[in-house]
Colleague: 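Before we start, here is the structure in question, set down as structure tokens.
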Amino acid sequence: MNVIPPVARPRYSSRPLPPYSYVPGFAPHPVSDGRGHMHGAVAQPVAPLTDGQWQDSEAYRYGIDLFNHGYYWEAHEAWESLWHAAGRRGQVATWLKTLIKLAAAAVKRREGNARGVERHARRAIELLDELAQGGDATARFGGIAVDDVRAIAESFVEERRLGVASPAPALTLDRWLALDI
């Protein structure tokens, strides 16, 4: 199992972190495997996230906690439920899709799948550019510095250029998402 070493980063939600971080090929699938940490759990519907009230969303803040503490697959799942609640369209949905792609790139990095890392990271950058082209670019979105998200995605692309591709199932990124509270 991929037990993630603790990192000294703030927590933004009250929900406990999972017992392990799922990385395909290295740990039981959280949902479909009977040993999974989410097996048998019924997904609870989440309220749609709005940019002006992101701080009220425990689900959003929990996704940030998951990402920051190395639970990238789980962060992807948390943000995906919010993306569905947002109707998968609009600036909030685009922001959530950006975070989903960033988390997917981190999962692929752990797997050692350089091509997957680059594909997801480039898509995250494209989504940030879409927000900017639509006139929705701000220095911060959902309480997070947009440049921090871009920097993480660009670091994944740079790793690909440098040939970093070995599996690292317990990797926790050096960079993380600081949330305004």
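Remember, it's a predicted structure, so these values are computed and weren't measured experimentally.
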Colleague: Answer yes when Asp180 and Arg140 have at least one side-chain N-carboxylate O distance shorter than 4.0 Å, and no when they do not.
Modeller: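 Yes, Asp180 and Arg140 are salt-bridged.
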
Colleague: Which heavy atom in Ala27 sits nearest to a heavy atom in Ser21, and how many Å separate them?
Modeller: CB-O, 4.2 Å

Colleague: At their closest point, which heavy atom of Leu96 faces which heavy atom of Trp83, and how far apart are they?
Modeller: CD1-N, 3.7 Å

Colleague: Taking all non-hydrogen atoms of both residues into account, name the closest pair between Arg88 and Ala93 and its distance.
Modeller: C-CB, 3.5 Å

Colleague: To the nearest 0.5 Å, what is the distance between CZ on Arg11 and CG on Asp65?
Modeller: 4.0 Å

Colleague: Of the non-hydrogen atoms in Ala105 and Ala121, which two are nearest, and what is the gap between them?
Modeller: CB-N, 3.9 Å

Colleague: Roughly how far apart are Tyr72 OH and Phe67 CZ, rounded to 0.5 Å?
Modeller: 5.5 Å

Colleague: Do Leu173 and Val146 belong together in a cluster built from hydrophobic side chains that touch within less than 4.5 Å?
Modeller: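 Yes, it is one cluster - the side chains of Leu173 and Val146 are joined through contacts under 4.5 Å.
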
Colleague: The criterion is side-chain contact (heavy atoms from CB on, under 4.5 Å); which residues satisfy it with Val117, sequence neighbours excluded?
Modeller: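 Lys108, Arg109, Phe156.
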
Colleague: Is there a side chain to side chain contact (heavy atoms under 4.5 Å, CB included) between His120 and Ile125 once you walk through the steps?
Modeller: CA-CA 9 Å; His120 289 298; Ile125 293 166; over 6 Å; no

Colleague: Hey, what do you get for OG1 (Thr172) to NE2 (His69), rounding to the nearest 0.5 Å?
Modeller: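 So the OG1 of Thr172 and the NE2 of His69 are separated by 9.5 Å.
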
Colleague: Identify the heavy atoms of Pro18 and Tyr62 that sit nearest to each other, and give their distance.
Modeller: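 Heavy-atom minimum between the residues: CD-OH, 3.8 Å.
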
Colleague: Report yes or no: do Thr94 and Arg89 form a side-chain donor-acceptor pair below 3.5 Å?
Modeller: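 On atom types as modelled, these side chains do not qualify, holding no pair under 3.5 Å.
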
Colleague: Per the side chain to side chain contact (heavy atoms under 4.5 Å, CB included) rule, which among Leu102, Ile64, Leu66 passes with Trp79?
Modeller: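 Among Leu102, Ile64, Leu66, the one meeting side chain to side chain contact (heavy atoms under 4.5 Å, CB included) with Trp79 is Ile64.
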
Colleague: Does the Gln91 side chain pair with the main chain of Leu131, one donor and one acceptor, at a distance under 3.5 Å?
Modeller: no

Colleague: When clusters are formed by joining ILVMFWY residues with side-chain heavy atoms under 4.5 Å apart, either directly or through shared neighbours, do Leu49 and Leu179 land in the same one?
Modeller: yes

Colleague: Could you pull out the closest heavy-atom pair between Gln55 and Arg61, with the gap in Å?
Modeller: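 For Gln55 and Arg61, the tightest heavy-atom pair comes out as O-NE, 2.9 Å.
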
Colleague: Answer with yes or no after comparing the ring centroid distance for Trp73 and His29 against a 6.0 Å cut-off, counting only values under it.
Modeller: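 Here the rings of His29 and Trp73 have centres that are less than 6.0 Å from each other.
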
Colleague: Quick one: do Ile100 and Val157 end up in the same hydrophobic cluster if we chain Ile, Leu, Val, Met, Phe, Trp and Tyr together by side-chain heavy atoms under 4.5 Å apart?
Modeller: no

Colleague: Of all residues at least two apart in sequence or in a different chain, which pass the side chain to side chain donor-acceptor pair (under 3.5 Å) check with Arg123?
Modeller: Glu126, Glu130

